[in-house]
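One structure below.
In each ligand, atom 1 is the first atom listed, and ligand 1 is the first ligand listed. For this chain, numbers begin at 1 and follow the sequence in order.
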Amino acid sequence: MKTDPQVRTSIAVAHPLDPLSRTEIAQAVSILKNGPAAAESFRFVSVELREPAKSELRSGVTVPREADAVLINRDGGAAYEALVDIGAENVAGWIELPGGTQPPIMLDEFDECEVNCKADPRVVEALAGRGMTDLDLVCIEPWSAGYFGADAEGRRLMRCLVFTRLDPDDNPYAHPAENLVLIYDLNSGKVVEIEDNGFVAVPRATGNYLPQHVGPARTDIKPIEISQPEGPSFIVTGNHVQWGNWSFRVGFTPREGLVLHQMKFRDKGQDRSVINRASLVEMVVPYGDPSPVQAKKNAFDAGEYNIGVMANSLKLGCDCLGEIQYFDGIVADSHGNPMTIKNAICMHEEDDSIMWKHFDFRNNSAEVRRSRKLVISFIATVANYEYGFYWHLYLDGTIEFLVKATGILSTAGQPAGEKNKYGQTLNNDGLYAPIHQHIFNVRMDFELDGPHNAVYEVDTEIPTDNPTLSAFYTVDRLLETEQQAIRKADSSKHRFWKIVNHNSRNLVDEPVAYRLMPTDAITLAAHDDSYVSQRAQFARNNLWVTAYDRTERFPAGEYPNQSTGGDGLPAWTAANRNITDEDLVVWYTFGMHHVVRLEDWPVMPRQHVGFMLQPHGFFDQNPTLDLPRTEAREQETPTHCCKRD
Ligand code: ABN
Ligand code: CU
């Protein structure tokens, strides 16, 4: 078989942090099915590796392969957490979760929901009332129900929105059935209520982006080929990656998608630990339009839907270009069958312009070194939107996390010809897109030269005694406890935060540090007393720091679906633990305040948001002095880039 030279595979080498294999998932599920989950009515929400404790990993002892599973018994609706010891073939833990806990929505619940809604004669009648008679063209969009004060009585509810296509490849988001919501119970498979908030005609104008609609593609865009004649500079062994001085392990979970473990940077021959574990752990998309339907759109796309399960299979030349290393994502479907998301993670190098340059005008010579980044990414489709999550590692120790938001706006309908202060009118046929936010949270278990770290807030200040009126300097304030470390960015103070190790000193006897540059530092626009703000308290502030606890994983709690609020970061930080010289976790909230533009329609050009972590006295000087000179091109006699003729 011909294999593409640009796609690499790696030899599997077992490591305790490797995600569960297909075989291990099947074994864990069969152990559960032969035990407490024997009834046909059980569904598997997730089956994933129980990561070994840090102490076990450090000691190097052989650890059992264990699986954490979350299940629902559709008969009665109770949810369960199980711990399975795969090697010992036993269920080591089985607990029923408190009544009302609703684990994330499963992928096949999307399909079931659409089929069952369309089979309900009351729905068919409501659709007909809005002129939607061809059910094959109708799209039922399963939005999470959230929580708005009403008791769901233990039901597993969706608030389904309705759109329609005019033909099979038409964009349904051009045609919302505004004010019609189908409240559907995923466990019973029944529509429990049809909420009709008043007739609004379905907009008919199309918003299409496929070639057959937009006409022939332009011909002035010439191909770009990325060529690395000697291959890429990374070495992949199983899930371990070595790239330049960086090394790390690639992980994948149903809830987070891509996880980076054990990120280290080699400095003077030593692998120095930077971050033990980093991943996107939550996001929320609250809508600012107070209309009856839009006000209840508050998707927690990671925690309510398991964003890893929504990962795309990536395609060379489309999603990623160059010498690519893919990693598969292995998850369980709702019946517990292992499901491989082929090429879920893409890793490749990208040229990144210059790393540093100086032209010495006195002796007429320039030194320049090129920068490159290692890009490790995945893309998830969460109904209308696509989110690309990109970790960038740079040769100077910088780490960048970027979210690229694309896909299709979640639209709404209004009377044709009207405008709406809560959104951007997209056409004159009654289509608009409400204002909203995309707020993300990344969890970083820092281990800067070891587990005992501390965090400072660094502000730029002006001295009170300021005779030249031009003076400014920085002040470092230690954030000693969890409550002190709940912080907002402040660009008027050029604020950043510094993670330090007091016991590891640099050249000038200062604690080694990395700084978190708080870009795209938005917080929730919704009122603090709103339901969404209660449920997404992580999004009220940009920085949170907690004392490490392996069970504290998700900032809006383990189960944000239909949660009433207060779980996760607000609950843990209420203990106000010491975070000075402790094993700590840094949580950063950032995002995009999406004031919709006409240019975002009918499919949105990707919009970047993210942040950077930079070494700040972690190294004793610029760590890239040893980068090789590159050869100047298109000269008769090749010279290096650094000499002028
Ligand atoms: N993008 C919000 C969403 C997610 C899943 C299903 C429906 C809508
Ligand atoms: Cu948006």
Side-chain angles (χ1 to χ4, degrees), residues 45 102-114 117 138-146 156-163 171-173 176-177 181-184 186 254-255 257 280 282-289 293-312 379-389 403-412 422-424 426 431-440 520 522 524-526 532 536 539 560-562 590-609:
V45 178
Q102 289 304 340
I105 298 143
M106 292 169 273
L107 248 193
D108 33 12
E109 288 179 324
F110 277 42
D111 296 337
E112 285 174 13
C113 171
E114 174 147 329
C117 283
V138 170
C139 303
I140 308 288
E141 182 126 308
W143 279 75
S144 53
R156 187 165 164 75
L157 298 179
M158 309 293 316
R159 287 180 60 79
C160 302
L161 306 187
V162 182
F163 300 84
N171 173 6
Y173 297 106
V181 182
L182 313 177
I183 320 262
Y184 174 79
L186 290 167
R255 179 75 171 259
L280 174 104
E282 194 50 275
M283 54 175 290
V284 61
V285 188
Y287 282 71
D289 179 347
V293 174
Q294 304 304 322
K296 292 189 173 167
K297 282 164 61 176
N298 292 306
F300 290 59
D301 300 71
E304 289 179 337
Y305 290 97
N306 270 344
I307 205 155
V309 179
M310 314 282 216
N312 296 178
I379 302 175
T381 299
V382 209
N384 55 313
Y385 269 117
E386 264 69 22
Y387 296 101
F389 300 102
V403 181
K404 300 184 188 177
T406 176
I408 306 185
L409 296 163
S410 179
T411 51
Y422 292 106
Q424 173 65 49
L426 294 173
L431 187 72
Y432 77 104
I435 188 168
H436 59 281
Q437 300 181 297
H438 302 253
I439 310 187
F440 304 93
D520 296 309
I522 66 162
L524 270 174
V532 67
N561 188 21
Q562 292 183 242
F590 65 100
M592 176 177 150
H593 190 81
H594 198 168
V595 181
V596 175
R597 312 171 295 162
L598 284 179
E599 291 83 352
D600 293 338
W601 182 252
V603 62
M604 189 173 117
R606 88 278 169 267
Q607 187 116 343
H608 296 188
V609 288

So which of Gln102, Lys297, Lys296, Glu304 actually passes side-chain hydrogen bond (donor to acceptor under 3.5 Å, both in side chains) with Ser144?
Glu304

Backbone of Gly303 reached by a side-chain donor or acceptor of Glu282 within 3.5 Å
yes

Separation of Lys404 NZ from Ile379 CD1 (nearest 0.5 Å):
8.0 Å

Name the residues in contact with ligand 1, where contact means a heavy atom under 4.0 Å away: which are they?
Phe110, Glu141, Pro142, Trp143, Ala299, Asp301, Tyr305, Val382, Ala383, Asn384

Separation between CG of Leu431 and OH of Tyr173, rounded to the nearest 0.5 Å:
12.5 Å

Flag, side chain of Asn384 to backbone of Ile408, donor-acceptor distance under 3.5 Å
yes

Parallel, tilted or perpendicular: rings of His436 and Tyr385 (30°, 60°)
tilted

Atom CG in Asn561, atom CG in Leu157: separation rounded to 0.5 Å?
9.0 Å

Reported CD1-to-NE2 distance for the pair Ile439 and His594, which is rounded to 0.5 angstrom
13.5 Å

If we only count heavy atoms from C-beta on, is the Gln424 to Asp600 side-chain gap below 4.5 Å?
no

What protein N/O/S atoms are found closer than 2.8 Å to the Cu ion (ligand 2)?
Tyr385 OH, His436 NE2, His438 NE2, His594 ND1

